[in-house]
Participant: 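Can you read through this structure? Questions will come right after.
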Amino acid sequence: MNRREFIKRMAAASAITAAVAMFPGIVFAKEQMQNLPDGDILWKKSPCRFCGVGCGLKIGLQEGKAVAVKGDPESSVNKGLCCVKGYHSVMALYAKDRLTKPLVRKNGKLVETSMEEALDLVASKMQGTIDKHGKNAVSMYGSGQWTIPDGYVASKFMKGAIGTNNLEANARLCMASAVTGFLSSFGMDEPMGCYEDIDHADVFVLWGNNMAEMHPVLFSRMLDQRMQRKNVKIIDLATRTTRTSTASDRSILFKPQTDLAIANAICYEIINNGWMDTGFVKNHCTIKKGKTNIGYGLEDKFAFKDEAKGIDFEEFKEFLKDYKPEDIQELTGVSAKDIKYLAYLYGSPNQKVTSFWCMGMNQHTRGTWINNLVYNIHLLVGKISTPGNSPFSLTGQPSACGTVREVGTLTHKLPHGVVMNEKDRKMAAEIWKVPVENIQPKPSLHTVEMFRALDRGDVRFMWIQVTNPMVTMPKLKRYREAAQKDDRFIVVSDVYPTPTTDIADVVLPSAMWIEREGMYGNSERRTQHFDQLVDAPGESMSDTWQIIEVARRMGFEKLFPWTYDNHIEEIWKEYSLFHKGKKHGMVPLEVLKSEPGAQWPYVDGKSTKWRFHGKYDPACSKGDTYDFYGKPEGKAWIWARPYEPAPEEQDQEYPFLLNTGRVVEHWHTGSMTRRIPVLHQAVPNGYVELHPEDAKIMGVRNGEKVKLTSRRGEIELPASINERGKPVRGHVFVPFFDEGLLINELTLDAFCPISKQPDYKKCAIKVGKA
Amino acid sequence: MPIKSYLVFPHVGKKEILIETLGDLNWCEILPSENKELIVLVTDTKNENEEEKCFKIINTIPALDHLTLVSGFEENANNVNK
Ligand code: SF4
């Protein structure tokens, strides 16, 4: 057999194994199964580098290089499948402009230096800033693509050693509303269900979630279920027609921001039709209302604190009367018939329903509220915490859950609990072996406010790791100019040059993904470990070790006493102390090393697949029933949250609405995927999707330049008409992966006052032929 | 020199015609399941352009419901962009 033939057989073997994992009992002809090779390639497991689905991959190694990828059939996440990004992921390691040497800015230019010198400079600048301006003048901005050890040492360094809460991560921009949604409804973060819900649900309602592109492997799993079980339905509830809409059974388009009204109308219908599970609501829920007219965070130092007040069921019913389906048709753009249909799907007693959402609901100036409202629907009908009945908030990044939400790399968080809670501070101080006074009791700056503080001069030093804020911050111009001001010092750790390394004073080359050991935590509470599989190029160093090196230089060597060989193991052991017990027990390292991930709470050697029900969750204490133990009395909170408009709506001067997002081929700002030739060629540049009628009126043809202008900036992009996605009239969509066409020059830095997560999905613009 | 494998799902009742259509394409090797509406497909193309062309053609086959990627091998993965 020649080499090519051998590889083909290997590829066939992977596909057959995946088919067997997905369809137990599937048979292929005997001769096809013969001689399937094992190969001279060494296959090692790793979670995918890219999205929050967290597919298990097998990475093929040959002569010290990663040369092939296949979906891991042992992984219950993807059952052997992978998407186009996952398959090409190893190519992102080897592009020719990989950063391999540290750079420091001298006379305005970035020049090469040694790692020793660069780390010395970072430590001395950080210390110098603290000495001159105080410890709250330094900050760190990390990522949901940080490994768990990266985030853990960052938290210990900033909060335990230096003693500032100026630690944030880009997951503030993508997941913060999901966190506050969970906390306000259930008192504990992260989904109660798991991906296995896909195998049980009869109906999937996708709330503003283009899963076909953003969570492609999960979408494939849903499509497979629909082929196997004839009763399965997929409903796409969205603001624009996408690949998801066309593959769904029903596409329902709504006006942006009015998901709040739609969710309330569904609740109204459920109650009005007698579909409510009265026993469930009485025994397991309590009803609250919060503050209204809560603002948009547009001004510096904006502050807001919600207040929950108990209300009775009659008051809740009265509140819902404003959301009769017939009365909100004009507001939402959705017919009463469609809203009633959605209510029927949720309310029908014989159908298991899973709701999925991601950025559409989270990047929303009422992001916490809309999360609460979708939980309301599931709670009213008692469809929650059992297989197939799942309100499921998906994540975008591979470790937004594992690193940011669980380790707590946000200003108000600690690895267990929040800085405001004395018990949590004491726990952290004890584990970290620092005086409890080191840990500040007040949250300081959330992401938008941290960049505003950089602009004002309250923050003078910022260390950015594994993220590209000079592409992703909304209202970008202000924050780019802030970073470039005199007397600001910016350190950037990354793997390729980006617009963020362009504004850096020091660039530290990072070891990427399988060039170091680490763990990620995906959307379904699954932690996955990966070994170092290949050498990191040049002087590049893991983000974990960079932080340790700087911390040691600043005199904190006792807090980071580990050797290079044992540091990941020791970090995992120390971190696990924060999450002992049945509610959040972490998975032992030896299990993580031998399996393609396991889910916390990990109790008595088992993952917990569904939380808050005694049948599946050992932490429940009420027997074989529900126990929402994150809240007092074990009751979940149903919230009365009204519709409130977006801060910037279309007007005569700015008559279009801008929506931004991703495409399947590119990961975030494209700094890795644009260096993978096949992905780059597939979508080489940014573009603006227009409705064909709007394009016609403007006299714009496909590919012609269009100028978009908001109150904050302008940009010219080629038009895309009737291609991948189709916005409704008066709306446009622009992906944000292209660093040469920075759409965030136009976006607004308004955020949800509770979660502080910005809204990238709606701002007013004007559109014209360029 | 990309080689990729996929799980391919035909529309209901269209498995045979899909097998036939895929079988006619030079780049495709197919392994149909005996008892399920599913076909394993291995594509073998000379370069990325050819691969893209192949993928586009497959996607326009009317009997195809959807396909999902499983694995791939890039003989020149070591030389990306070099
Ligand atoms: S779906 Fe996400 S995790 Fe899975 S292979 Fe694709 S990018 Fe990777």
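Numbers restart at 1 for each chain; the letters A, B, ... are given by sequence-line order, proteins then strands. Since the structure is predicted, the reported quantities are computational estimates derived from the model, not experimental observations.
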Participant: Report the C-alpha distance between A/E665 and A/K85 in whole Å, list the side-chain angles of each, state the deciding distance to 0.1 Å, and finish with yes or no for salt bridge (Lys or Arg N to Asp or Glu O under 4.0 Å).
Facilitator: CA-CA 6 Å; A/E665 291 83 356; A/K85 282 193 301 298; over 6 Å; no
Participant: Does any heavy atom of chain B fall under 4.5 Å from the side chain of A/C83, the backbone, both, or neither of them?
Facilitator: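 For A/C83, backbone heavy atoms alone lie under 4.5 Å from chain B.
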Participant: Do the charged groups of A/K44 and A/D72 touch, with an N to O distance under 4.0 Å?
Facilitator: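 No, no charged N to carboxylate O under 4.0 Å.
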Participant: Can you list the residues that meet the side-chain contact (heavy atoms from CB on, under 4.5 Å) rule with A/S248, with sequence neighbours excluded?
Facilitator: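 Checked A/S248 against side-chain contact (heavy atoms from CB on, under 4.5 Å); matches are A/I234, A/D236, A/T244.
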Participant: Assess whether a salt bridge exists between A/K8 and B/D44, defined as any Lys/Arg side-chain N lying under 4.0 Å from an Asp/Glu carboxylate O.
Facilitator: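 Salt bridge between A/K8 and B/D44, a charged N being under 4.0 Å from a carboxylate O: yes.
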Participant: Any side-chain donor-acceptor pair under 3.5 Å between B/D24 and B/T21?
Facilitator: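 No, B/T21 and B/D24 have no side-chain donor paired with an acceptor closer than 3.5 Å.
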Participant: Among A/V69, A/V217, A/T17, A/L57, which residue forms the greatest number of heavy-atom pairs with chain B at distances under 4.5 Å?
Facilitator: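 The option with the most such pairs is A/V69.
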Participant: What part of A/Q228 is in contact with chain B, defined as an atom under 4.5 angstrom from a non-hydrogen atom: side chain, backbone, both or neither?
Facilitator: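 For A/Q228, no heavy atom lies under 4.5 Å from chain B.
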Participant: Could you look at B/E37 and say if it's the side chain, the backbone, both or neither that has a heavy atom under 4.5 Å from chain A?
Facilitator: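 Nothing of B/E37, per the 4.5 Å heavy-atom cut-off to chain A.
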Participant: Looking at A/A247, A/S220, A/A682, A/G60, which one has more heavy-atom pairs under 4.5 Å with chain B than the rest?
Facilitator: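 That would be A/S220.
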